[in-house]
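Presented below is the structure to which this report refers.
Every chain is numbered from 1 and lettered A, B, ... according to where its sequence line falls, protein lines coming before strand lines. Note that the structure is predicted; figures quoted are calculated from it, not measured.
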Protein chains: 2
Amino acid sequence: MPSSAKVNMADVARRAGVSMATASRALSDHPHVAPATRARVLAAAEHLSYVISPEASRLAGGTTGRVAVVVPHISRWFFASLLEGLEAVLRESDLDVLLYHVGDAADRSTFFQRLPARRKVDAVVVLGMPVAEPERERLGLMGVHIVAAGGQVESYPYVSVDDLAAGRQAMDHLLFLGHRRIGMIATADPGQPGWPAVRGRTRAYHEAHADAGIPVDERLIVEVPWGGAPGADAMAQLLGLRKPPTAVYAHSDEVALGAVRTLRRAGLRIPGDVSVVGIDDHPLADLTDLTTVAQPVREQGTLAGRMVLSLLSGEDITDGVTVPTRLVIRGSTGPPRP
Amino acid sequence: MPSSAKVNMADVARRAGVSMATASRALSDHPHVAPATRARVLAAAEHLSYVISPEASRLAGGTTGRVAVVVPHISRWFFASLLEGLEAVLRESDLDVLLYHVGDAADRSTFFQRLPARRKVDAVVVLGMPVAEPERERLGLMGVHIVAAGGQVESYPYVSVDDLAAGRQAMDHLLFLGHRRIGMIATADPGQPGWPAVRGRTRAYHEAHADAGIPVDERLIVEVPWGGAPGADAMAQLLGLRKPPTAVYAHSDEVALGAVRTLRRAGLRIPGDVSVVGIDDHPLADLTDLTTVAQPVREQGTLAGRMVLSLLSGEDITDGVTVPTRLVIRGSTGPPRP
DNA sequence: GTCCGAACTGGAAGCGCTTCCAAATTGATA
DNA sequence: TATCAATTTGGAAGCGCTTCCAGTTCGGAC
């Protein structure tokens, strides 16, 4: 562990032949510093390869220059992509990202109870998870800006897709193809009760049926935890019905891919025997030829980042932003067998 | 943006009827504080819902309590999983994770040139990317501990798999099944020249051939960027040969899945006509029935986290840790058509 | 040639905490 | 009971910066 000689602003000031006050102003780009002086200070700093101490700077009155990002499942493509987009924007503005992973319910309550990011950030971004009232109250204690992304969270500025509309795109596609017995594999995340996306996507199933004048057969609805394996199990359950569906609408691509596996193993053809549609447009959806409803994930992170920037610069944002989704028809859907 | 009343240590000390010095000691768990006094201070802090100012604390002499994580591709399962494991360990010890994404070459040079994490962290973890000599030099300037994970990076303590061995597991499996014409889809990440994993996995191909006494047909080797689509292209190229391979060894599962798509679209059967093996054991490999070489990804992150903890507690770690890989035989490999 | 205000620059007071040093207290030993 | 060491506590000096408040400098208008 090499240790670089610690050089501080006083050294820079001395070398530039100015006072610390001036050095500070020059370095932080304040007005009322003669161009020549500023240049001299900057040169000195450069020469000494000086790096300002964020702690001292902050303590003396600045901001933290950090934003906390709270995310439930880092390793899932959806969340990681949101994060990637967000980080890019924030970094560009020299803001550091402090990562907080709150996977299960225990993590959640710990996080909101202890509020580990308190006093450490200028804003917090909540990625793809609902925030219940008591949690909102705790978050409020932090006294910083809050933005939600990847899921509409009322009472915070958010960026999200319209999950109801997305679900409808998938369902209407199936209905348009002529399917009348459509199964739904809904996801339930025990760590995130009440995730709005789930509600919207589920409602789409019902509304689509209502609009098409088709009664919903409750047996065609299966709710499982998120993931491929659960999706596979759900499909098996649907296949076990005396009258299996001719098409399946899954709440997410990973779940849909699980369903696909079960269908394949059962020797059924896709879409010949059963059509499958997912939501998200995971990169692997393209590879596996899965019809899905695409949502711009990275972009949602980007937009959230910009929101943070605006908020931090004093703008007063309160509204949410909804980005459009788009049906991507691939090879996993087709008309039902006549 | 609600603002919580700012209460500082002086308030706590006053309420507990002690000096700031004592309050500080009590709060940071120092010895030489009477149990009763400590309890009183803690109670006061609790009552005022006091949160220490990390900046002030740090400035006055502590550590930052932060570690920087540098990662090239957040949204890829492999990196996100490493990150997830790492974060869990660090968080448990109340260390915050500062995320730095360096995707392409430009990001890289910016990162190493500006060293944005300088003076902000106690350690930095480099995830799955090589560090060239000049970069290493820059990193050294930070004067903090450095750990590498998800790829063996000489001269830093690291945790990684043995890529050569992993590659051999895949290749030997294919050879054992009787394949003699084996294609390799190697990956090249332009943003990370010289990634050791690539070298090891490529070497495995050659050594396996040598050990089996089979000459390598260079036309069977295709190098493409990482990803499903490139993998698909590579497979198409291999199929275009007058004598296509009977099996394909891909450097990663995503790439392998791309190859699978091409094979499917070409109407070829897997493994009947062509066997495919990947590396990593991506969750979707299970779903798509892909034979692969599994590596414990999350665990590598975990181990790296523990290394950081040890280093931070003064231990003197210099050696790397290599975790084992394991061949997972699924449905995408079988004996060649006789 | 003098005077005035704008543009710069420096002095110094903190920001909220840690820790060295010394003072005070306590218990045990002689 | 007197004495000494060990334990607790408080005082105070910073840690490295920002910024208010004055003082200084300089050019141009009078």
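- Contact annotation for Ser24(B): base contact, defined as any heavy-atom pair under 4.0 Å involving a base atom.
- Within the structure, every side-chain polar atom (N or O) of Ser28(B) is placed at least 4.0 Å from both OP1 and OP2 of dC17(C).
- We find that CZ of Arg58(A) is positioned 11 Å from P of dC17(C), with the value rounded to whole Å.
- Per the geometry, CZ belonging to Arg38(B) stands 13 Å off C1' belonging to dT9(D), to the nearest Å.
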Strand DNA chain D in bracket notation, Watson-Crick/G-U under 3.5 Å with | for pairs to another chain: ||||||||||||||||||||||||||||||

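- Across the protein-nucleic acid pair, Asn8(A) atom CG and dG14(D) atom P stand 14 Å apart, rounded to whole Å.
- In this structure, the separation between CG on Asp29(B) and CZ on Arg38(B) is 5.0 Å, given to the nearest 0.5 Å.
- If you find the closest nucleotide of DNA chain C to Ala56(B) and to Ala21(B), the one lying nearer the 5' end belongs to Ala56(B).
- Note that CG of Leu86(A) and OG1 of Thr302(A) are 8.0 Å apart. Values are rounded to the nearest 0.5 Å.
- Comparing Ala23(A) and Thr22(B) by the nucleotide of DNA chain D that holds the closest heavy atom to each, the one mapping nearer the 5' end is Thr22(B).
- In this structure, Leu82(B) CG and Arg76(B) CZ are separated by 12.5 Å, a value rounded to the nearest 0.5 Å.
- Listed nucleotides dG10(C), dC8(C), dT18(C) differ in distance to Met9(B); the shortest reach to its side chain belongs to dT18(C).
- For the pair Ser19(B) and His30(A), both in contact range of DNA chain D, the more 5′-proximal nearest nucleotide belongs to Ser19(B).
- For the pair Ile52(B) CD1 and dC15(D) C1', the interatomic distance rounds to 14 Å; values are reported in whole Å.
- For His101(B) and Arg91(A), the side-chain atoms include no donor-acceptor pair closer than 3.5 Å.
- Put simply, the side chain of Arg25(B) and the base of dG10(D) share a donor and an acceptor less than 3.5 Å apart.
- If you take NZ of Lys120(A) and P of dG16(C), they are 18 Å apart, rounded to a whole angstrom.
- Here dC15(D) presents its C1' atom at 4 Å from CG of Leu59(B), a figure rounded to the nearest Å.
- Note that the CZ atom of Arg15(A) and the OH atom of Tyr50(A) stand 15.0 Å from one another [nearest 0.5 Å].
- For a distance-only test at 3.5 Å, the side chain of Arg119(B) fails to qualify as a donor-acceptor partner of the base of dG16(D).
- Distance, Met20(A) CE to dT19(D) C1': 11 Å, rounded to whole Å.
- Taking atom NE2 of His32(A) as the reference point, atom P of dA6(C) lies 11 Å away to the nearest angstrom.
- For CD of Glu92(B), the number of neighbouring non-hydrogen atoms (other residues, nucleotides, ligands) closer than 6.0 Å is 12 at most.
- How far CZ of Arg114(A) is from CZ of Arg138(A): 11.0 Å, rounded to the nearest 0.5 Å.
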